Participant: 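Mind looking over this structure? Questions follow.
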Amino acid sequence: MPHRAPGASGSQKPQYLSGKPITYYRPRGSAEVRALIDEGFQAFNAARLSEACRIYTDKMLAPESDTTIGLTVAGALTPAGLGGCIVELMERGLVDFLISTGANLYHDLHYALNFTLHRGSPFVNDVELYDQGIIRIYDVLFPAQVLLETDSYVRDFLVRLGVDEPIATSELHYRLGLDLLERHRGCEEYSVLGAAAKYGVPIYTSSPGDSSIGMNVAYHELINGSRLMIDPNRDVNEVCAIVLAGTQNGCVILGGGSPKNFYLQAQPTLWEVYSIPKGGNDYFIQFTTDQVVWGGLSGATPAEAVSWGKINPGVLPDTAVCYADSTIAFPLFAEYAVGSRWNRRARRELIHKRADLVAALKQQADAARQRPKKAEGDPKTMPELERHR
Ligand SMILES: NC(=O)c1ccc[n+]([C@@H]2O[C@H](COP(=O)([O-])OP(=O)(O)OC[C@H]3O[C@@H](n4cnc5c(N)ncnc54)[C@H](O)[C@@H]3O)[C@@H](O)[C@H]2O)c1
């Protein structure tokens, strides 16, 4: 029997791009959703989601906690329309900095540039898609032309940027966001990059070469002879400095991947490399489909992170891992947060504080180097470092 893609009728060519446009959903703080999470989600991963919501809204966002909150983003979340939840949290000051895969930032650009991604089906003929110039991310479909025009925008932006030296990804993304705000007025409503620039939220990417943004930075060097480079050292030190400055620190981890470690490595960088006894994270929330049994970092538990000094030993009750697809869990989580008591905080605008924070890190690292060492060969243990707190 000849194959027929679901939805296609007879011999007619399927209209792959006829699905509804994917838009950025903005959470509104629905009382019904909060009631469902509080009263209906009682066991298994529903209960973990419920716990995560309460840790975030009752503890991390409580004014007395003064928690610096990092959000890490991996998995195809902006293509799936989840950028609106990130925008809402940034606008309300509920996250202070982001670490994202380059892919999510690149795909966010389509929204900023008003290109349309469509709802579709995962059960399609990919050879036909290829012939028709249609790109597929599971059930998200869009014309390849969107990629070409987004790339072209990135290359033009890099020329306008005119930077000819190494910079942090936070700077690249900030300048990209400013460019979008200038050329596409109002895009902060539906672009993570635009909103982050407007609200002063630094965005880092842990693997700058691993996306179409990085691919176009590489083009800019090879073809235009630019010396613009992404300097990962700056990113490492900036994230470390932000965490060092936090009264308390907490994270919301979407998926896993390298953004998860890039956030969590800040504390080991402090104690292991700079000899600064800061201690680990105070709060940890992860939504993931990754498993612990393979030994990978993406699925590693908060308990395992304690052994690395990434999480404070006493705070495990303030951690939650919810095994769920982020495209379901994160909008529910954001909806809950927007409807919560502390649903708005003064924005920290860390983008403008990076230089001062890194200077403070350097000062503390220099002071740590001056401290008299114990007997030669004595290892510095984490419990000893912990006692310095
Ligand atoms: N054009 C580009 O720049 C570019 C580059 C790389 C990837 N992509 C596309 O972007 C998509 C996202 O890639 P990525 O690099 O952000 O991450 P990824 O898809 O490689 O995922 C990284 C991590 O997130 C977890 N994860 C993924 N989806 C999840 C979900 N729904 N719920 C919970 N956890 C989930 C994974 O298990 C893993 O730990 C890919 O599917 C790919 O199609 C585009």
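Just so it is clear, the structure is predicted and the values come from calculations on it, not from any experiment. Atoms within each ligand, like the ligands themselves, are counted from 1 in listed order. By convention here, the first residue in the shown sequence is residue 1.
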Participant: Do the side-chain N and O atoms of Ser258 and Ser206 include a donor-acceptor pair separated by under 3.5 angstrom?
Facilitator: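 Short answer, yes.
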Participant: Answer yes if the side chains of Asn216 and Tyr106 hold a donor-acceptor pair under 3.5 Å, and no otherwise.
Facilitator: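 On atom types as modelled, these side chains do not qualify, holding no pair under 3.5 Å.
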Participant: Tell me whether Ser170 contacts the main-chain N or O of Tyr204 through its side chain, where contact means a donor paired with an acceptor under 3.5 Å.
Facilitator: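 Not at all, since once roles are kept as given, no pair shorter than 3.5 Å links the two residues.
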Participant: Mind jotting down which protein residues get a heavy-atom contact under 4.0 Å with ligand 1? Chain and number order, please.
Facilitator: Ala74, Gly75, Ala76, Thr101, Ala103, Asn104, Tyr106, His107, Ile137, Asp210, Ser211, Ser212, Gly255, Gly256, Gly257, Thr289, Asp290, Ser298, Ala324, Asp325, Ser326
Participant: Once side chain to side chain donor-acceptor pair (under 3.5 Å) is applied, do any residues pair with His107, and if so which ones, sequence neighbours excluded?
Facilitator: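 Partners of His107 by the side chain to side chain donor-acceptor pair (under 3.5 Å) criterion, ordered by chain and then number, come out as His110.
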Participant: Could you go step by step and tell me if Asp66 and Arg348 meet the salt bridge (Lys or Arg N to Asp or Glu O under 4.0 Å) rule?
Facilitator: CA-CA 11 Å; Asp66 190 26; Arg348 284 173 209 269; 3.2 Å; yes
Participant: Using side chain to side chain contact (heavy atoms under 4.5 Å, CB included) as the criterion, point out the one residue from Gln248, Met60, Glu51, Lys59 that pairs with Asp318.
Facilitator: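 The passing option is Lys59.
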